[in-house]
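Reviewing the structure listed below.
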Amino acid sequence: MASIERHDYDVVVIGAGGAGLRAAIAAAEEGARTALVCKSLLGKAHTVMAEGGVAAALGNVAPDDNWRVHFQDTMFGGKYLNNWHMAELHAKEAPDRVRELEQWGGVFDRTPDRKMSQRAFGGHTHRRLVHIGDRTGLELLRTLQDKAVHSGIDVFMECTITRLLKEGERVCGAVGYRRADGNFVTFGSGALVLATGGAGKCWRITSNSWECTGDGYGLAFGAGADLIDMEFVQFHPTGMVWPPGVVGLLVTEAVRGEGGILRNSTGERFMERYDPKRLELSTRDVVARAIFTEVKEGRGSPHGGVFLDVSHLPADTVRRKLPSMYDQFMELAGVDITRGPMEVGPTCHYFMGGIRVNAETGASSVPGLFATGECSGGMNGANRLGGNSLSDLLVFGRRAGQGAAHDAADRGAPQLDDAQIEDAIGEMTRYRSGPGTEDPYALHAELQATMQSDVGIFRDEAGLSDAVEHLDGLARRAASVRAAVAKREYNPGWHLCRDLQNMLIVSRAVARAALLRHESRGAHSRLDFPAYDDYWSEHNVVVCKDGDGVRLEPQPVPKTRDLIPLVEQRKEAERT
Ligand SMILES: Cc1cc2nc3c(=O)[nH]c(=O)nc-3n(C[C@H](O)[C@H](O)[C@H](O)COP(=O)(O)OP(=O)(O)OC[C@H]3O[C@@H](n4cnc5c(N)ncnc54)[C@H](O)[C@@H]3O)c2cc1C
């Protein structure tokens, strides 16, 4: 092992999206020697694609807004399965995290009196999303990146982590490979933070970038950490449905926030039937199901979606408020959205579930291992409100970085176990030059087809059981995948062999948790159990490692006594 590149840090953060950057900044501020490791180039993480805004109850344009209303909206959106304390911390701390971004140089759209402007979004009672046009993720990432590079953090770009290393029960480092030359690298860490984002690539139609293969879930689960709420996968209501090369590409909720209207092929504003109170600004789960139903019942648009129209708004408002959407439709579909409607349909978008963490510190159930951002679970319950991810990254990224730095304090460089490193390297080497015959691309396509057809917006016992069986078969076959080309340098087929193992862990967890939850709630809609269930309204599904197998445990939703009046008040308001 002497010849393998090795680096030692107090805190190693895996992932350089909003969550990883914010965690690394916080760890460095606590005095920890900090490394940031990412699969792509710095600045290219999936967060860069975020469009609509960051949710924070600043009250700049809606003076009645405050953390309590934001907390209630988040709980209502999550159908009360959220970790209450996480939702509380998120609502309370998001305004400070956004102001801090501004102090670090973030430039956001302004109100006439020079405050940060805030826009409406589905499920938010008030206009709450701080934004810059429809390119908020770019500005958020640029600002965090500027701050990070001036915080003395070492960055390892284009480096994919394939295995976490343990010393007894504690995570003490990681093994990865450099994408450019295929060389292996090891990290020793006092504490390690996973900030690896979501797993949309398990579905055929998705808004997610190539990086979203669920690596963090797979790495954490492999190390013994619990996953929570995996059955809740958000299908954003509005992705592009045409032309074929861009199917799934997101059409931001800001389009509806700015006044976009949804119509079916008869010209009907169909949301009047599904949520007459909130219409297009209903929560994402409701709008996605409505669109799916309209299409299924024969009232869809020519390319299998519905129409989303902003052409009644002044053309210069559309170009100013939604510049990316204007360019996206003009360049990719030849549609001028200031003159005619877009065609849109649901696309797999976001994981509410993820690694189970402590609300205060981001600590997972395994010592030395922390998680934050989309790869962690609990904050959003059964459904996430738009804008609550970027604020989640800021609030809990900072907390996880601090938590890891405190945990790592005064720990010396760990003893890395050669046998574990050899095993991790042996696995990767097998994918290039072993005896395997399975094609990783073919298996990925089968996995996506299964998830798309049987673990999508609407689910039932038969489809989910088929999916579990099919995924088990794919997992057996994935043990003998091998890349068609054996080269080490930038070899996507080789990389996919490993990504596939993570996507299988994620997909099997999602399908099994979905099979267990006998009710419909938030993003989880069972045709055979269409109503809420009293037992499940009080329980999260926790996916635990059990030897080489998996155990699913329903566990009571973590509640906070002081918050009961706020929750009851909101439930009562919804009943009347
Ligand atoms: C088109 C689009 C628009 C969106 N708009 C909004 C919005 O307006 N508001 C909002 O709140 N949310 C929005 N979201 C959701 C939000 O952008 C994401 O949930 C969020 O950016 C996730 O951030 P993250 O830091 O957790 O992960 P990511 O940004 O996905 O970053 C993950 C990082 O982990 C790295 N990584 C992954 N695996 C490995 C590995 N094995 N080894 C090393 N590195 C690894 C990646 O390289 C990357 O650096 C949007 C999402 C999409 C797709």
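On a predicted model such as this, the values are computed, not experimentally measured, just so you know. Whatever order the structure lists ligands and atoms in, that order sets their numbers, starting from 1.
- Between the side chain of S391 and the main chain of A55, a donor-acceptor pair closer than 3.5 Å is present.
- Remark: aromatic rings of Y217 and F351 are close, center separation under 6.0 Å.
- Side chains of Y350 and N208: no donor on one and acceptor on the other come within 3.5 Å.
- Between the side chains of R488 and N183, at least one donor N or O sits under 3.5 Å from an acceptor N or O.
- A donor-acceptor distance shorter than 3.5 angstrom exists from the side chain of D10 to the backbone of R33, with no hydrogens or angles considered.
- Aromatic ring centres of Y490 and H495 lie farther apart than the 6.0 Å criterion allows.
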For ligand 1, what N or O to protein N or O distances fall under 3.5 Å?
from	atom 1	to	atom 2	distance (Å)
ligand 1	5 (N)	E51	N	3.1
ligand 1	8 (O)	E51	N	3.3
ligand 1	8 (O)	G52	N	2.7
ligand 1	8 (O)	G53	N	3.0
ligand 1	9 (N)	G53	O	2.9
ligand 1	11 (O)	G387	N	3.4
ligand 1	11 (O)	G387	O	3.3
ligand 1	11 (O)	S389	N	3.1
ligand 1	11 (O)	L390	N	2.8
ligand 1	19 (O)	E374	OE1	2.7
ligand 1	19 (O)	S389	OG	2.8
ligand 1	21 (O)	T47	OG1	2.8
ligand 1	23 (O)	T47	OG1	3.1
ligand 1	25 (O)	G18	N	3.2
ligand 1	25 (O)	A19	N	3.0
ligand 1	26 (O)	E374	N	2.9
ligand 1	29 (O)	T47	N	2.9
ligand 1	29 (O)	T47	OG1	2.5
ligand 1	34 (O)	A195	O	3.4
ligand 1	38 (N)	D215	OD2	3.3
ligand 1	41 (N)	I161	O	3.1
ligand 1	41 (N)	D215	OD2	2.7
ligand 1	42 (N)	I161	N	2.9
ligand 1	44 (N)	K39	N	3.2
ligand 1	47 (O)	K39	N	3.0
ligand 1	47 (O)	E211	OE2	2.4
ligand 1	49 (O)	A16	N	2.9

